[in-house]
Amino acid sequence: MRAVWLREFGGPEVLVPGTAPDPAPGPGQVLVDVAHANITFVETMFRASGFGPFDDDLPVIPGNGVGGTITALGPGADPALAGRVVVTTTGGTGGYAERVVVDQGAPVPVPPGLPLDAAVALMADGRTALMLARAAGLRRGDRVLVEAAAGGVGSLLVQLAARAGATVVAAVGGSRKVAVLRAAGLDVVVDYRQAGWTDRVRDAVGAVDVVFDGVGGPLAREAFDLLDPGGRMLSFGLAGGTWADIPAESAAARGVTLLSPRPGPDELRALTEAALAEGAAGRLRPLIGQRFPLERAAAAHAAIEARETLGKTLLDVR
């Protein structure tokens, strides 16, 4: 089968197209013919340095999220799974390939009416956005700042906050992303690469009640300083290179709650199913900003690292 290999850590060019043996499902496993693979920012960090939750024994085929069709069953697997269109995690690696083998309990069926590419885009980002929105306890009238609001998770958080009746402030990096979100109808969009961006937030809405931090680093601290007493802050990304480092005592002194939901496997699956159902109903719309063929995984990683991407980046395998 076609696959993309990582044999050494480094720049995007270390992702090299090649071939790999076709996997065969073992007892209780299924084979998924992959149509689309999801790319996450953490995968670019892993490729560069080995950082992250994945096994760093090289060589390896990267990729932790795919969508496709179950085409073969291992001994003891449920016959009803054959032919199902599903999304699934891979256990951390193996996703940049034409076929993956996973335990039969891993795949989540794609509901009718939801295109497979949209399901792949919602699989990780949708469940994360739902988890964060629920943990924040969004209320009508809240002033909600979403960092990295043009990204995969951020663009979904914008939708969820607006649906909850909040006033949404979208913070993005670069004029192109500002233009895209303003064209989508958002009233308050700021470019956090520009000096004085927090002043523009205060001019528009005053302080804020909720911060969804998708950038981390110094920018997270600037966003934290925008919170009113009683505010809530949740971090979901480190596009700036490091996680937010807000001391607990600083938050307590300000009357701000730092929330870090830690769902277990059952809750993660339920959140994934809920995100797909919301997508099928048209209430959650993923932004697929760019797509690359499997063999151009290196170009996809380069685009993400250059901060040139909007929403979700997919590899089209078939």
Side-chain angles (χ1 to χ4, degrees), residues 40-41 121-122 124-194 197-228 231-240 243-244 246 256-261 271 275 278 283-287 289 307 309-312:
T40 66
F41 184 74
L122 283 170
D125 290 352
R127 73 185 179 199
T128 299
L130 282 177
M131 173 188 70
L132 293 168
R134 292 175 182 180
L138 296 177
R139 300 183 289 265
R140 180 169 296 278
D142 275 344
R143 296 156 297 175
V144 177
L145 172 65
V146 181
E147 299 169 24
V153 176
S155 61
L156 298 173
L157 283 170
V158 166
Q159 296 173 42
L160 292 169
R163 203 168 79 206
T167 297
V168 181
V169 178
V172 297
S175 58
R176 172 175 172 247
K177 295 176 182 179
V178 169
V180 168
L181 291 191
R182 284 182 176 159
L186 288 176
D187 292 328
V188 185
V189 186
V190 297
D191 183 350
Y192 51 62
R193 294 181 183 175
Q194 300 295 321
W197 73 272
T198 55
D199 293 333
R200 287 188 283 279
V201 174
R202 289 193 182 278
D203 288 344
V205 299
V208 299
D209 303 294
V210 178
V211 168
F212 290 117
D213 165 43
V215 178
L219 190 131
R221 180 62 195 228
E222 294 179 281
F224 170 77
D225 290 340
L226 287 167
L227 282 161
D228 252 349
R232 295 93 77 196
M233 183 168 185
L234 304 93
S235 293
F236 65 91
L238 63 168
W243 287 106
I246 308 297
V256 169
T257 302
L258 304 178
L259 296 168
S260 300
L271 285 165
E278 290 293 286
R283 292 188 293 266
L284 205 54
R285 299 176 302 280
L287 170 61
R307 309 296 193 268
T309 56
L310 291 168
K312 175 53 62 181

Can you give the donor-acceptor pairs under 3.5 Å from side chains of residues 219-227 to other protein atoms, not counting sequence neighbours?
none

Practice task
Mind checking side-chain hydrogen bond (donor to acceptor under 3.5 Å, both in side chains) for Asp228 and listing every partner two or more places apart, or none if nothing turns up?
Solution key: Arg143
Exercise for the section: Mind checking the OG1-NZ spacing from Thr40 to Lys312? Nearest 0.5 Å is all I need. Expected result: 6.5 Å
Completion exercise
Residue pairs passing the salt bridge (Lys or Arg N to Asp or Glu O under 4.0 Å) test with at least one member in residues 159-184, sequence neighbours excluded, are Arg163-Glu278
Completion exercise
Hits for side chain to side chain contact (heavy atoms under 4.5 Å, CB included) against Ala148, two or more places apart or cross-chain, chain-then-number order -> Tyr192, Val215
Practice task
Look up atom OG1 in Thr167 and atom CG in Leu186, then write down how far apart they are to the nearest 0.5 Å.
Solution key: 11.5 Å
Fill in the blank from the handout: All heavy atoms of Val188 vs all of Ala204, minimum pair found to be CG1-CB, 3.8 Å
Can you give each donor-acceptor pair under 3.5 Å made by side-chain atoms of residues 152-161, sequence neighbours left out, with the distance rounded to 0.1 Å?
residue	atom	partner	partner atom	Å
Ser155	OG	Gly151	O	2.7
Ser155	OG	Gly152	O	3.2
Gln159	OE1	Arg285	N	2.9
Gln159	NE2	Ser155	O	3.4
Gln159	NE2	Arg285	O	2.7

Handout entry: Arg232 vs Asp142 side-chain heavy atoms within contact, under 4.5 Å
Key = yes
Problem - Minimum side-chain heavy-atom gap Pro261-Met131 below 4.5 Å - result: yes
Handout entry: Taking every non-hydrogen atom, the tightest pair across Ile246 and Leu258
Key = O-CD1, 3.7 Å
Practice task
Report the distance from atom CE of Met233 to atom OG1 of Thr257, rounding to the nearest 0.5 Å.
Solution key: 12.5 Å
Problem - Interatomic spacing from CG in Leu181 to CG in Leu310 - rounded to 0.5 Å - result: 8.0 Å
Expected list for residues 133-140: side-chain donor-acceptor pairs under 3.5 angstrom, two or more places apart:
none

Exercise for the section: Quick one: list whatever passes side-chain hydrogen bond (donor to acceptor under 3.5 Å, both in side chains) with Ser235, sequence neighbours left out. Expected result: Asp213
Handout entry: With sequence neighbours excluded, residues passing side-chain hydrogen bond (donor to acceptor under 3.5 Å, both in side chains) with Arg200
Key = none
Fill in the blank from the handout: For Phe236 and Glu147 the tightest heavy-atom approach is CZ-O, 3.7 Å
Exercise for the section: Work out which heavy atom in Ala171 is nearest to a heavy atom in Leu145; give both atom names and the distance. Expected result: CB-CD1, 3.9 Å
